[in-house]
Amino acid sequence: MMKSGLNCSVFLLVLSLTFCVSFGALSSIFDVSPTSEDFITCLESNSNNATTISKLIFTPVNSSYLPVWQAAADPIRFDNPCTRKPSVIVTPTTETQIQAALFCAKKQGYEMRIRDGGHDFEGLSYTANVPFVMLDLVNMRAIDVNVANRTAWVQGGAVLGELYYTISQLTDTLYFPAGIWAGVGVSGFLSGGGYGNLLRKYGLGADNVLDVRFMDVNGNILDRKSMGEDLFWAIRGGGASSFGIVLSWKLRLVPVPERVTLFTVNITLEQGATDIFHKYQYVLPKFDRDLLIRVQINSENIGNTTKKTVRLLFDGLYQGNIDTLLPLLNQSFPELNVTREVCKEVRMVQTTLQFGGFTTSTPPEVLANRSAIPKLSYKGKSDYVRTPIPKSGLRKIWRKILQNDKSETLFMYTFGGKMEEYSETAIPYPHRAGVLYQVFRRVDFIDQPSDKTAISRRRLAWIRSFDKTLEPYVSKNPREAYSNYNDLDLGVGSATYEEASVWGERYWKRENFKKLIRIKAKVDPKNFFRHPQSIPVFSTPFSDM
């Protein structure tokens, strides 16, 4: 009887896999339907040059379709036959082509997803459960840096690595306060707020946006003045893809020293990591704002044994020289034992290389080479800590980490400094004064053929259960999360405010979320720009109650 049941289970598994593959093949065929052809015809008839636009359109029958789609897709979680891919991919080179794609998507009844780079945790910019057009801005990534004015205009398709490299070729005394991963799209980064290694001195990336070129749902091109301060507020932290299409950003570049200091200190539990991290929570958020320390946490085997430990890497960036840094640390945080031997003075662009997985000796050109940026595959989550975690709590966290299979990574990012000066309503990103550090955690799947294997499922179960371990020690009412680290585990419903608030208030808090909903109702009342966690439009009048 058991054998019969097992055979039945195997048969159903094979059948389901066969159906998945068959459905994927069929959906690709049916996506090239009269509707798709009508969209293409519409696009060509609304373009100045039908021959040119035809070279920028990809459907599943094109040999280039899959490579274009895969360029920024998570190779393990989403690159499989069961993932619903776009009916059409459009890779415009001009703003008028974007206007035509928007017009035709609405006319033909397609949803639209906008992809401007990579690092999309849940694949919302390139997957959907409905027929959709993917607007890929890969061909629109011009960057114009004005050193004299300390500004830069950056097109919507550029990634952070391209921005950093361009700045570094012109000056070593200006930079932009953005993230560390070179493949992150500038637009996605800024539209979620955007934190990085300079936030303690200069705030978020979105705090340093001066102007924008933006296309609304009707195809109108707006700047800060013509769109008004409400919409300008919303797209800098509230998710620009809920409101329209960012064509380009005007950024304020910030001054940095010609040489800054990097250091890394490795400490295991056996070497006193618990005591040192405990003090880190009290010292670093109040420290000189020229210093940021990221703490990376992983489990590992001790030597060649099967016994495990937890290792903490304290990666520091100081906007000054070694001789100034060491006395400051020796006075306030001598336990970290930062010595001259673990420090090096480098150009600012070299810090991006090191924090982004390269070495400081790597040529900076790699930052502008999208194919050189490593592909990652993981499930990620975020939290914010506002009260130092006691040593007893840290020990519980270490024990939970040791239960996993070494596929986890945690990053703690120091806040404080400049972040304390902003109101949580200055832009939609609310995680400001009182935040000691941000917690980002992930489990990796890169060693697995899919995220559906038994090992992958155990990892997913672990990171979801880890939420309970952290719950007593992170922010509450609401438990905060970072919208750029989108997490569908938080919820996707938006039929009512009560339903949407389950995830919306975690990203933006109540006051900001309600303001975003009001702005959305004005600029996109039919909710054309949408995805599972976009700012909602309600069928019944929205109340402030």
Side-chain angles (χ1 to χ4, degrees), residues 177-180 193-208 237 254 260-265 267 272-297 312-320 324-338 351 355 382-394 397 410-424 426-427 429-441 470 472-482 484-485 509:
I180 61 166
Y195 76 95
N197 287 347
L198 299 181
L199 92 163
R200 300 194 69 247
K201 189 166 186 177
Y202 295 115
L204 303 174
D207 295 325
N208 293 279
V254 300
V260 297
T261 301
L262 283 175
F263 65 84
T264 299
V265 175
I267 308 170
T274 302
D275 290 340
I276 293 171
F277 185 81
H278 184 255
K279 185 166 184 180
Y280 159 89
Q281 301 176 102
Y282 289 90
V283 173
L284 265 299
K286 299 177 181 178
F287 203 81
D288 187 320
R289 62 182 61 188
D290 281 331
L291 176 67
L292 179 134
I293 295 181
R294 178 188 73 176
V295 185
Q296 179 178 329
I297 303 174
L312 280 66
L313 277 68
F314 292 79
D315 292 314
L317 166 59
Y318 178 67
Q319 294 179 65
T324 306
L325 170 66
L326 292 180
L328 292 173
L329 283 174
N330 288 337
Q331 179 180 359
S332 300
F333 200 8
E335 296 86 352
L336 191 57
N337 193 30
V338 176
T351 71
F355 274 80
S382 61
D383 270 298
Y384 292 85
V385 173
R386 292 178 174 269
T387 303
I389 301 174
K391 292 180 183 179
S392 60
L394 292 175
I397 292 170
L410 278 71
F411 292 102
M412 316 302 205
Y413 250 91
T414 318
F415 273 43
K418 183 71 171 179
M419 294 291 278
E420 295 289 325
E421 299 176 8
Y422 288 97
S423 162
E424 64 181 28
I427 62 173
Y429 179 100
H431 320 293
R432 301 285 201 165
V435 173
L436 301 179
Y437 55 93
Q438 178 189 269
V439 180
F440 166 57
R441 57 200 180 278
L470 290 176
Y473 311 114
V474 297
S475 60
K476 300 173 178 63
N477 301 316
R479 181 174 178 175
E480 299 165 71
Y482 180 35
N484 268 356
Y485 294 160
K509 293 195 176 181

On a heavy-atom basis, which atom in [X] and which in [Y] lie closest, and how many Å separate them?
X	Y	value
Ile389	Gln281	N-OE1, 2.7 Å
Leu436	Thr387	CD1-C, 3.8 Å
Pro177	Gly203	CB-O, 4.1 Å
Gly434	Glu420	N-OE2, 3.1 Å
Ile267	Gly272	CG2-C, 4.2 Å
Gly194	Asn484	N-ND2, 4.2 Å

Mind checking the [atom1]-[atom2] spacing from [X] to [Y]? Nearest 0.5 Å is all I need.
X	Y	atom1	atom2	result
Met412	Gln438	CE	CD	10.5 Å
Thr264	Leu313	OG1	CG	6.5 Å
Asp207	Leu199	CG	CG	9.0 Å
Ile397	Leu410	CD1	CG	8.0 Å
Thr324	Tyr318	OG1	OH	5.0 Å
Leu325	Thr261	CG	OG1	6.0 Å

query: Taking atom types as modelled, is there a side-chain donor on Tyr280 or Thr414 under 3.5 Å from an acceptor on the other?
result: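 Side-chain D/A pair, Tyr280 to Thr414: present.
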Hey, is the main chain of [Y] close enough, under 3.5 Å, to the side chain of [X] for a donor-acceptor pair?
X	Y	result
Asn208	Tyr202	yes
Arg200	Phe287	yes
Lys476	Pro472	yes

Between [X] and [Y], is any pair of side-chain heavy atoms under 4.5 Å apart?
X	Y	answer
Gln319	Arg289	no
Arg432	Met419	yes
Arg441	Asp383	yes
Leu262	Phe355	yes
Ile276	Phe314	yes
Leu204	His431	no
Leu198	Lys418	no
Leu291	Leu328	no

task: Verify the neighbour count for atom NZ of Lys286: are there more than 12 heavy atoms of other residues, nucleotides or ligands below 6.0 Å?
output: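 No.
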Please set out all donor-acceptor pairs under 3.5 angstrom arising from side-chain atoms of residues 329-336, sequence neighbours excluded.
unit_1: Asn330; atom_1: ND2; unit_2: Leu326; atom_2: O; d: 3.1
unit_1: Glu335; atom_1: OE1; unit_2: Lys279; atom_2: NZ; d: 3.1
unit_1: Glu335; atom_1: OE2; unit_2: Lys279; atom_2: NZ; d: 3.0

query: Listed by chain and number, what are the ring pair (Phe, Tyr, Trp, His ring centres under 6.0 Å) partners of Tyr195, not counting sequence neighbours?
result: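 Here the qualifying residues are Tyr413, Tyr482.
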- request: Could you tell me which residues satisfy ring pair (Phe, Tyr, Trp, His ring centres under 6.0 Å) with Tyr282, sequence neighbours excluded, listed by chain and number?
  value: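 Scan of Tyr282 (ring pair (Phe, Tyr, Trp, His ring centres under 6.0 Å), adjacent residues dropped) gives His278.
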task: Among Phe277, Phe415, Tyr473, find the residue that satisfies the ring pair (Phe, Tyr, Trp, His ring centres under 6.0 Å) test when tested with Tyr437.
output: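 Among the candidates, only Phe277 passes.
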